[in-house]
Amino acid sequence: MAGDLTPSLFLKYGFGGALSCSITHSLVVPLDVVKTLLQTNPGKYTGMMNGFSTVIKEQGPSGLLQGLGPTAVGYALQGFLKFGFYEVFKKTYGDMVGEKADQFRIPIWLAASATAEVIADIALCPNEAVRIRLVAEPTFAKSPVEAFGKIFKQEGVIGFYKGLPPILLKFAVFEFTAENVYKALASSGKPKESLTDGQKLSVSLGSGIVAGIVAAIVSQPADTILSKINQEKTDGGVVKAIGNIMKRLGVRGLFLGLPTRCFMVGTLTAGQFFIYDGIKQMLGLTPAKK
């Protein structure tokens, strides 16, 4: 397992995570806007291209950038905490297992990912609640700050965290996929240690695309519930609201906007880990090999 994880290393991993998540999520905001609208107002839009053209026609090009501020800030926080604490818990759990850590590295990675994801998503949730409300209801508020205040006034703190249960569903897929890609390369005579930096980044890119699409399909029902639950008030409690949404939408309705989300998340996840691995190489956090 890794050596000592100093505060300086934690900041470097966190910095790489913040940049990779914020940049990629900000770049796909137009796709995210259309995906959210397909989920929250399915009767109005017939598909991704119709969603783009309708938003531009009704709100102008700027309508495709609704929620950009909360997205950039929220995912910078999430990326910093997710990637930083992932490294912390990966080492912590590895040390707890001891000599057999290598044998159980995938369960350790999964546990580290899950723990880091919970911490990161607690920071992300308020920004995601504001983003979804601004996209679903453009007239709800004139700015993210105003939207934040209105949600707090109307629903209290729970208004920002009612989407926490469905948001806790994605990160570990990448590590699992990347590890299996490295294993396949090793079995063909190309172990990870023999790969150049460029080859390692290519593996990150390919693994990110596969991981992103798989994660998008698996977590699509949760993502749809996340969009819907942040669109409406939950006076009867979060659990009851989730049950009502599932009952109202049905199985087919839970997969609203899936093609758009697959394209968005596949691109996003690939770019996210490509940037993150590149930053790690630049900061000397991975052994360089020319």
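Reckoned from all heavy atoms, side chains included, excluding hydrogens, waters and symmetry mates.
- One distance of note links CG of Leu68 with CG of Asp32; it measures 11.0 Å at 0.5 Å rounding.
- Both Leu81 and Leu19 are members of a single hydrophobic cluster when ILVMFWY side chains are connected at heavy-atom separations under 4.5 Å.
- Within the 4.5 Å cutoff, the side chain of Leu31 has no heavy atoms near those of the Lys35 side chain.
- Atom OH of Tyr161 has more than 12 heavy atoms from other residues, nucleotides or ligands within 6.0 Å.
- Here the CG atom belonging to Leu283 is positioned 11.0 Å from the CG atom belonging to Leu11, to the nearest 0.5 angstrom.
- Tracing side-chain contacts under 4.5 Å through hydrophobic residues (I, L, V, M, F, W, Y), one never reaches Val145 starting from Val157; they form parts of separate clusters.
- Closest heavy-atom contact between Tyr86 and Ser113: CE1-OG, 3.2 Å.
- Of the inter-residue distances, the one linking Ile279 atom CD1 with Ile23 atom CD1 reads 6.5 Å to the nearest 0.5 angstrom.
- Qualifying side chain to side chain donor-acceptor pair (under 3.5 Å) partners for Gln103, counting only residues two or more places apart in sequence or in other chains: none.
- Leu256 has its side chain out of reach of Leu38: every pair of non-hydrogen atoms, C-beta onward, lies at least 4.5 Å apart.
- For Pro70 against Leu134, the heavy-atom pair with the smallest separation is CG-CD1, 4.4 Å.
- In this structure, Phe152 and Phe160 have parallel ring planes: the angle between them is below the 30° cut-off, well short of the 60° mark.
- A single hydrophobic cluster is seen to contain both Val29 and Met48, as judged by linkage of ILVMFWY side chains at heavy-atom distances under 4.5 Å, directly or through other members.
- No more than 12 heavy-atom neighbours from other residues, nucleotides or ligands sit within 6.0 angstrom of CE on Met246.
- Between Phe89 and Ile119, the closest side-chain pair of non-hydrogen atoms falls below 4.5 Å.
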Worksheet item: Is there a side chain to side chain contact (heavy atoms under 4.5 Å, CB included) between Leu37 and Lys44 once you walk through the steps?
Response: CA-CA 9 Å; Leu37 290 173; Lys44 184 175 180 179; over 6 Å; no

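- Of the possible polar contacts, one joining the Ser53 side chain to the Asn50 backbone as a donor-acceptor pair under 3.5 Å is found.
- Here the NZ-CG distance, from Lys100 to Asp102, works out to 13.0 Å after rounding to the nearest 0.5 Å.
- Hydrophobic clustering places Ile229 together with Leu254 (ILVMFWY residues linked when any side-chain heavy atoms are closer than 4.5 Å, directly or through intermediates).
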Worksheet entry | From CA spacing to verdict: side chain to side chain contact (heavy atoms under 4.5 Å, CB included), Asp95, Lys91 | CA-CA 6 Å; Asp95 290 345; Lys91 172 170 169 46; 2.8 Å; yes

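- Of the listed residues (Arg261, Arg131, Lys228), just one forms a side chain to side chain donor-acceptor pair (under 3.5 Å) with Thr36, and that residue is Arg131.
- Residues Gln59 and Gln66 are in side-chain contact: their nearest non-hydrogen atoms beyond the backbone lie under 4.5 Å apart.
- Environment of CZ in Phe15: sparse, with no more than 12 heavy atoms of neighbouring residues, nucleotides or ligands closer than 6.0 Å.
- Taking 4.5 Å as the limit, every side-chain heavy atom of Leu9 sits out of range of all side-chain heavy atoms of Glu87.
- Under the 4.5 Å side-chain heavy-atom criterion for ILVMFWY residues, a single connected hydrophobic cluster contains both Ile108 and Val88.
- Legend: ring pair (Phe, Tyr, Trp, His ring centres under 6.0 Å) pairs involving residues 31-58, not counting sequence neighbours: none detected.
- Side-chain contact between Phe255 and Thr224 is absent, with no heavy-atom pair separated by less than 4.5 Å.
- Of all the heavy atoms in Ala147 and Val130, the pair that sits closest is CB-CG1, 3.9 Å.
- Atom CD1 of Ile151 sits about 5.0 Å away from atom CZ of Arg133, to the nearest 0.5 Å.
- No side-chain heavy atom of Lys280 sits under 4.5 Å from any side-chain heavy atom of Lys12.
- Between the Ser22 side chain and the Tyr75 main chain, no donor and acceptor come within less than 3.5 Å of each other.
- Ion pairing between a basic and an acidic side chain is recognised when a charged N comes within 4.0 Å of a carboxylate O; Glu137 and Lys150 show no such pairing.
- Note that CD1 of Ile132 and CG of Asn127 are 11.0 Å apart. Values are rounded to the nearest 0.5 Å.
- When all heavy atoms are compared, the tightest approach of Ser227 to Gln39 is OG-OE1, 2.6 Å.
- Between Phe85 and Tyr13, the ring center distance fails the sub-6.0 Å criterion.
- Between Val34 and Met49 there is no side-chain heavy-atom pair separated by less than 4.5 Å.
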